[in-house]
Each structure stands twice: as structure tokens, then as C-alpha cells.
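Just so you know, ligand 1 is whichever comes first in the structure, and atom 1 is the first atom listed for that ligand. Numbers here simply count residues along the sequence, with the first being 1.
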Amino acid sequence: MPDAIYHFPQGFLWGTATAAHQVEGGNTNNNWYAWENAPGRVFQGQKCGLACDWWGGRWKEDLENAARDGQNTHRLSIEWSRIQPRPDQWDDGALEHYRHIIRGAIKLGLKPMLTLHHFTDPLWLYEDGGWENDAAPKYFAEYVRKAVGALHDLVDFWVTINEPDVYVTSGYVGGDFPPGKNDLGAAFKVMRNLLKGHAAAYKIIHEMQPDAQVGYAKNYRGFEAARAWFPPDVWITRFNNASYNDAFSNALVNGTLKFALKKEFVPEAIGTQDFVGINYYTLDKVAFKPFAVKDVFSRRFYPADSEMSETGFIANIPRGMTAALKWAHKFNLPIYITENGVEDSKDTLRPQYTIQHLHEVWRVANFNWNVRGYYHWSQVDNFEWERAWSQRFGLWGLELETQRRIRRPSVDMYADICRQNAISSDMVRKHAPQIFNQLFPS
Ligand code: IFM
């Protein structure tokens, strides 16, 4: 009998999240394939290649592991470029293949949460201006109608678009994602078109499935003023929050998109989310930086003395999870943590990171905030976009050359939590003893 136990609400969903391009492999028909094959775009010229070979059938091994280890849901995505390889061509075989995978997940007891767009676009759309093209929301709506039409007897839990904020800032401001631009005008246009695409998808899904649960996955980045006593830092922190964290979600409430110093009314977006999906990883301190127009007058950095992930990408700051939940709570809708995790090939930080973040989730759930599920990113190491294979986010490791799955200690840590729907003192003693006193003060 453990000394103490933090229970999660009954019926809580426990899963992992993946995305089509990152795990499937073998797709040469989307913008990321083109990006990887352009010189200097991806870490050391690495390729997605076979990825985790889900398209070849290894989804089964990963989902069987997930189910055996106590998970009851899985968030996966489908790949637009496979379903609509050309503007005038649909591939029913690809849809049938997805039906096969989703049926497999359900059979294993994993409720599917299905993402319709996770960063990748078909090459034909990319070559026709991508989401800068004002026809993109209409094309997306056609794809959604086709895909949801084929899958709605199996799925009723949908994410329309994954992290529109990352898609836009990485592709049109920072330049790390295709098309590698630095153009605020284009960034605004793309954000607005993604918003229109989301709204159209929401309506199409509800036409077919009135009771469906539909949302989008928001990349919530924590921002804290570097000097809380210094008004310019406080002001620029608010500005970062408003443009990065609030823009898309506020437009779903009031229809007004305020982003990249522009504003537009998109009335069809009003009321188009049934839950708030949060992807939370880390938090920045923000200081006012005069004259830095390109950096929106901000210097962002991790708090001094933060515990850092393997390549320095993520600082372990669990209080940012609380900030994300507080932000989500104000929408008065069910909340799902649609992603959370850390890159850590040696699995030295992951057990502690995961338990600390889940402890924050537990805390608000016990104030009766409506948090209903948690998806760890990710089940198995996968292709990490421009950082390729240099970052390992899996509970399970992946040996690329052989496709062998490598069991990390975190597999048992997460399985214990999922099976018991709780974090107990015994679990913390076993998997992350260094935080025992912090979690269970005597
Ligand atoms: O791998 C990504 C995922 O595709 C979107 N959210 C963040 C993850 C880790 O960087």
C-alpha cells in the first residue's frame, strides 16, 4: 500500500500522440519531402526515410505496446497528400489503409483522436502557394469532407489542425519550416486561411456527426516577464502572449484574428471548438529589446539554472503547464493535453519531467477543472522535422537501421501511471526518487 496517491478523475484518457509524416515513412508527395531534399534545410541532411515504418505495418507493434502498457487512447494523424495525391485524384486505397490502422487501434482498446492536418501539405498545394493561396481553405474543406466521410463510423474525436501557431511562425517568420519565409504579411494571410480551414472542417464534421468532439491542438508557450518590476518587459510579455498564445483561440470565440500587427474579422470561426487541446513543452522569460523589430522587440530565454533537455531545446518548467491549463480553463470547455514530453535519448530527464508535469495536471483536475486526458509525445522516437533524428521524444527508442524498438525506463513509469490512473508515492520513489520530497513533502 503506497503512503500517498494522487488520483486522476474517473474515465481520464491516457495516451500517446504521433503524426503521420513523423512515423509513417515512404511518402514523397508532400512539402516536407521536398524540404528534406533541398540542401541545408534539415539537420545534417538527414531524411525521414522509412521513419517508424507505420505505413509498412509497424503501427501494430507500437499500438500493441501502448495498449499493453495501460493506455486507452491514441492521437494519430492522417496524411492529406496520400488521400489526395493530386488535386483531381482521390486515393481510396490510402483511406482504406487508414481504416485498417484505426480499426486496429480500436480493437486494442485505444480510442482514436484523429488529426486532419499536422504540418504537411500535398506537393500540389505547396507548389500552388500553400496556405498563402486563398483557395487553400476550400481545398482543405474538400479533403476533410472526403476523409471524414470515409472514417466517421470509426472516429468521433477530431483535431482539425495541429499547432497553426508553429506552422505559421516556423514557416513564415523563423524560416525553419517550408517554405522558409520571413514575411509578416504572408504569416498573417496563412494564419487567417488556416483559421478559415479550421472553421470549415468544424462545420463539415458536425454536419456528418452532430455529436463529434472537434478542436485544434494549440502549442501553448509559457511567457514570463524577465523583470516583473520593469513595465517594458511586462508589456512585451503580454504582447507575446496575445500574438502567439491568444490569436487563433480568441478568434474562435469572437471571430477577430489579431496577429502580426493586423486584424481581420472571420465570422465563420466563432464557436468552432468543442474542447481545448494543449501542446505544452516549455516556458520562456521575455525581456524588452529595443530596436529588435525582427524579434518583435523581445529577447526570449530560458530561466537561469533551468534543467535542460538533451540538446537544449526544452527547459523543464512544470509551472508552465499550470499556466497553460489556466489559460485553457477560461474557455469553459473540456481540456485535453494533446501533447507533452521531452527529447531525451538517454531517458535521464523524461521520468521526472513527465511526473512533474502530470502532477500539475492532477492539481487542477482536483480543483474540478475540466481536464479529461493526456497524450504523451511520443510513443516511439520519430522524425523531428528540421531537427530530424537528433531529438528523441519516444517512451520507446527507435534503432533506425533495424526498426528495432528499444524499451526505455519511462515505458514502465508511464504504464504505472496509466494503469492506476494515479501518481503514487511508490511510483515516484521507483521512477524519479530525486523529486520525491518535492511531490510528497513530509
Ligand atoms: O514533434 C513535434 C510535433 O510534431 C508537434 N509538437 C511538438 C513536437 C515536439 O517538437
Side-chain angles (χ1 to χ4, degrees), residues 15-25 27 30-33 35-36 42-43 46-48 51-52 54 62 74-81 113-121 159-171 174 176-178 194 215-222 244-245 248 276-284 302 308-317 320-321 324 328 336-345 347 349-350 353-354 357 374-398 400 410:
T16 46
T18 54
H21 189 73
Q22 294 179 270
V23 293
E24 286 179 355
N27 186 359
N30 68 21
N31 56 341
W32 268 90
Y33 179 77
W35 193 245
E36 269 167 53
V42 168
F43 178 78
Q46 293 176 358
K47 304 272 187 274
C48 177
C52 312
W54 274 35
D62 292 325
H74 185 76
R75 175 176 171 228
L76 71 165
S77 79
I78 54 174
E79 173 63 39
W80 183 359
S81 65
M113 173 188 256
L114 201 70
T115 306
L116 293 160
H117 184 279
H118 194 123
F119 291 165
T120 53
D121 295 309
V159 169
T160 55
I161 297 177
N162 180 72
E163 299 179 347
D165 30 67
V166 171
Y167 181 93
V168 172
T169 49
S170 299
D176 291 331
F177 276 21
L194 287 168
Y216 85 101
K218 157 80 203 138
N219 179 281
Y220 183 93
R221 185 97 183 175
Y244 191 80
N245 285 330
F248 201 89
V276 180
I278 295 179
N279 297 356
Y280 172 74
Y281 289 88
T282 196
L283 169 153
D284 290 321
Y302 287 136
M308 298 304 299
S309 65
E310 194 168 7
T311 71
F313 187 59
I314 289 170
N316 177 22
I317 309 179
M321 174 65 96
Y336 294 92
I337 304 302
T338 35
E339 287 180 27
N340 171 243
V342 65
E343 43 107 12
D344 182 11
S345 70
D347 213 40
L349 181 58
R350 185 176 292 104
Y353 175 100
T354 307
H357 283 75
Y374 173 90
Y375 293 83
H376 190 82
W377 186 273
S378 179
Q379 175 65 20
V380 59
D381 288 345
N382 55 53
F383 180 72
E384 185 53 36
W385 307 111
E386 82 281 13
R387 299 175 304 281
W389 299 101
S390 67
Q391 295 187 348
R392 303 291 180 135
F393 277 90
L395 293 172
W396 289 75
L398 174 74
L400 249 188
S410 282

Qualifying residue for side chain to side chain donor-acceptor pair (under 3.5 Å) with Asn340, from Tyr280, Tyr281, Tyr374: Tyr374
Protein heavy atom at shortest distance from atom 9 (C) of ligand 1: Glu384 OE2, 3.3 Å
Contact check: Asn162 vs ligand 1, nitrogen or oxygen atoms, below 3.5 angstrom: no
Near-ring test His117/Tyr167, centroid separation under 6.0 angstrom: yes
Top protein contact for atom 8 (C) of ligand 1, by heavy-atom distance: Tyr281 OH, 3.4 Å
Within reach of ligand 1, part of Gln391 (heavy-atom separation under 4.0 Å): neither
Residue and atom name of the nearest protein heavy atom (relative to atom 7 (C) of ligand 1), distance in Å to one decimal: Glu339 OE1, 3.2 Å
Ligand-side contact atoms (ligand 1) for residue partner Arg387, heavy atom cut-off under 4.0 Å: 10 (O)
Test item: side-chain donor near acceptor, Ser77 and Asn162, under 3.5 Å: no
For His118, the ligand 1 atoms whose distance to one of its heavy atoms is below 4.0 Å: 3 (C), 4 (O), 5 (C)
Proximal ligand 1 atoms for Glu163, defined as those under 4.0 Å from one of its heavy atoms: 5 (C), 6 (N), 7 (C)
Check ion pair Arg75-Glu339 (N to O, under 4.0 angstrom): yes
Plane angle bin for Trp54 and His74 - parallel if under 30°, tilted between 30 and 60°, otherwise perpendicular: tilted
Phe119 neighbourhood, listing ligand 1 atoms whose heavy-atom distance to it stays under 4.0 Å: 4 (O), 5 (C)
Distance flag, aromatic centroids of Phe119 and His21, threshold under 6.0 Å: no
